[in-house]
Amino acid sequence: RLAAEQGHARAQLCLARCHASGTGLTRDDSEAARWWRLAAEQGVAEAQMLLGQLLLVGEPVMGRELPAAPGAAAQFLAQAAQ
């Protein structure tokens, strides 16, 4: 967590995975999305792909609906493909 909070992109990706799966902490999809976004914005292709997929379809996140955002999804997916 400390490395992720200090801006290390791979640590942000790992923390997002932990939040998404509930590994080692309480599952929290909105936190997973937040950490995926931070890693994606630093150029981590896997985070770009996962965030793009999430934004493409939209999903219920912790009792709230995360709306689909096709434009943002396309941007992250295109970056991941490069």
Look up atom [atom1] in [X] and atom [atom2] in [Y], then write down how far apart they are to the nearest 0.5 Å.
X   : Y   : atom1 : atom2 : result
C18 : E31 : SG    : CD    : 12.5 Å
Q79 : L51 : CD    : CG    : 9.5 Å
H8  : L15 : NE2   : CG    : 13.0 Å
R10 : Q42 : CZ    : CD    : 11.5 Å

Might you point out which heavy atoms bring A3 and A11 nearest each other, and give the distance in Å?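 The answer is CB-CB, 3.7 Å.
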Which atom pair, heavy atoms only, marks the closest approach of L25 to R1?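 Heavy atoms only, the tightest pair is CD2-NH2, 4.3 Å.
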Donor-acceptor contact below 3.5 Å, side chain Q12 vs main chain A4: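 Side chain of Q12 to backbone of A4, a donor-acceptor pair under 3.5 Å: yes, one is there.
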Under 3.5 Å donor-acceptor, R27 side chain and S21 backbone: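 Checked: no pair found.
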side-chain contact (heavy atoms from CB on, under 4.5 Å) partner of V44, chosen from L38, L13, L50: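 In the set L38, L13, L50, the residue that makes a side-chain contact (heavy atoms from CB on, under 4.5 Å) with V44 is L13.
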Looking at side-chain heavy atoms only, is the closest gap between W35 and E5 below 4.5 Å?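 Yes, at least one pair of side-chain atoms sits under 4.5 Å.
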One pair to check against side-chain contact (heavy atoms from CB on, under 4.5 Å): Q82 and Q48. What are the steps and the verdict? CA-CA 11 Å; Q82 294 179 352; Q48 292 167 338; over 6 Å; no
